Protein chains: 2
Amino acid sequence: MRSLSPASRPSGLAELGAPAYVVLGMVHLGARSGYEIKQAVENSIRFFWTISQAQIYPGLQLLEAAGLITGRADPQGRRPRRVFETTRAGEAALRDWLTRDEPMPFELRDTGMLKVFFADALDREQALTLVRAIRKRSADRVRTLRAIEPAARAAEADGNLYPGLTLRLGIAYHQAIIDVCTVFERQSAPSRDG
Amino acid sequence: MRSLSPASRPSGLAELGAPAYVVLGMVHLGARSGYEIKQAVENSIRFFWTISQAQIYPGLQLLEAAGLITGRADPQGRRPRRVFETTRAGEAALRDWLTRDEPMPFELRDTGMLKVFFADALDREQALTLVRAIRKRSADRVRTLRAIEPAARAAEADGNLYPGLTLRLGIAYHQAIIDVCTVFERQSAPSRDG
DNA sequence: ATGTGCATGTAAATTGTTACATGATTCA
DNA sequence: TGAATCATGTAACAATTTACATGCACAT
């Protein structure tokens, strides 16, 4: 049932799932076409939420049918394009979702952590190699996120404070991982004992 | 194709996916039956990796067919039960997986962060409510993880150091989120300006 | 002319969860 | 005697990704 709804609820109206609200939120922030929404996701929330084209275009149709966005054709030359904007109902629906008192699932699937968990099956040097690998992975991520900081500051100048907060959260998260790994490596590494 | 493999590779032998290695790893750590594996997952890795019964039992069959574990019937009274242990090939396969130089995907899907990202659509007080909610969620998680610390220390006494490292990583992660939220709330909260 | 980016859309495959089906054992 | 726990297994379902299909615009 190719819906963008979560596990169908008993309720009458088909309720929207998170992917549809992502599309709605991005249109609210100024992404006009499906293509622009995809770009916006890649440039911002991809670190804690991903969404594929195959969710975006049906999502736009769903939101339009629900009256939360309106679309019109806006071809560039002979290249077809549809642009969207939120309706008043759409703005209200977005705020309703944001303030809804519902569980906010936090799902992590981390192959690195998984391997570290089982690392006692390795000898010490190999296990430490794993720890270094996940430290490096987080260090790379911190660099990637820091590179986005100027864009976040630009958004703040536009009155959008919260994307910057999610960025700081991501940086802090990975910095914490780096710190824990560094301490562990120092405690574990000496190898040549006195 | 109900396989526990990742995107089928061109290679001859069906390669095992992460869920199968989780099962193998848990058997290696002493979980003997499907039921015990499920318990072990709930008591340890569930914070960064989940797996359902419907993956465990087929996984055991797959690993047994591949010669990485051996199972035998071990009924408790009239209640049937199968217990497993790793073979030498299984231990080797586990170490091979752990040392393999391959990408270790880090996938996060966090509805809380998502809502925070779009929180500029709300008025300040409502947005802060959201920030407080994710801070509280991480505080709860830290408490849950701290409650596991004694078990991790017991595992360390048994020579299993790495489960404790993943626990410290989880705590540090959520503590970092708490800290960033706290700072943000302080900066943003005053409301009654001087 | 050719590769990259803009642009939309869907079919098929994959991956994973939920719910069901079944039944024994233990404890209150 | 009834609930909780132990124990195994699978069918049906839901959610998401990958790959395909198509074609214009623009720069080199």
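None of the values given here were measured: they were computed from a predicted structure. The figures that follow rest on heavy atoms only: side chains count, while hydrogens, waters and symmetry mates do not. A note on names: the letters A, B, ... follow the listed sequences, proteins ahead of strands, and every chain is numbered from 1.
Of all the residues in residues 42-53 of chain B, Thr50(B), Ser52(B) reach under 4.0 Å from DNA chain C with at least one non-hydrogen atom. Within residues 106-114 of chain A, the residues approaching DNA chain C are Arg109(A), by heavy-atom distance under 4.0 Å.
Whole-Å rounding puts the Leu60(B) CG to dA7(D) C1' distance at 12 Å. Rounded to an integer number of Å, the gap from Ile56(A) CD1 to dA15(D) P is 18 Å. Counting to the nearest Å, the P atom of dG9(D) and the CD atom of Gln55(B) are 16 Å from each other. When the P atom of dC6(C) is taken as reference, atom NZ of Lys38(A) falls 14 Å away, rounded to whole Å. Distance, Tyr35(A) OH to dC6(C) P: 4 Å, rounded to whole Å. The CD-C1' distance, from Glu64(A) to dT8(C), rounds to 14 Å in whole Å. Separating the OH atom of Tyr57(A) from the C1' atom of dT17(D) is a distance of 16 Å, rounded to the nearest angstrom. We find that CG of Leu62(B) is positioned 13 Å from P of dG16(C), with the value rounded to whole Å.
Checking Thr86(A) against Glu91(A) by side-chain atom types alone, a donor-acceptor pair falls below 3.5 Å. Gln39(B) and Asn43(B) form no side-chain donor-acceptor contact under 3.5 Å, judged by distance and modelled atom types alone.
No more than 12 heavy atoms of other residues, nucleotides or ligands shown are found within 6.0 angstrom of CG on Asp101(A).
Residues Leu114(A) and Arg109(A) are not in side-chain contact: their nearest non-hydrogen atoms beyond the backbone lie 4.5 Å or more apart. Within the 4.5 Å cutoff, the side chain of Trp97(A) has no heavy atoms near those of the Leu24(A) side chain.
Using a 4.0 Å cut-off between a side-chain N of Lys or Arg and a carboxylate O of Asp or Glu, Glu156(B) and Arg153(B) do not qualify as a salt bridge. Using a 4.0 Å cut-off between a side-chain N of Lys or Arg and a carboxylate O of Asp or Glu, Glu185(A) and Lys136(A) do not qualify as a salt bridge. Looking at Asp140(A) and Arg143(A), a side-chain N of the basic residue comes within less than 4.0 Å of a carboxylate O on the acidic one, giving a salt bridge.
With Arg137(B) contributing its side chain and Met104(A) its backbone, the two residues share a donor-acceptor pair below 3.5 Å. Looking at Asp74(A), its side chain never comes within 3.5 Å of a backbone N or O of Arg82(A) through a donor-acceptor pair.
Distances were taken from every side-chain heavy atom of Arg82(A) (C-beta onward) to each of dG9(C), dT8(D), dT17(D); the shortest belongs to dG9(C). Closest to the Ala54(A) side chain, of the nucleotides dT8(C), dT10(C), dT16(D), is dT10(C).
Aromatic ring centres of Phe106(B) and His174(A) lie closer together than 6.0 Å.
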Checklist entry - Using a cut-off of 4.0 Å between protein heavy atoms and nucleotide atoms, how would you tag nucleotides 22-28 of chain C 5' to 3' with B, S and -? => result -BBS---
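Close to dT8(C), at under 4.0 Å from its OP1 or OP2, lies a side-chain N or O of Ser33(A).
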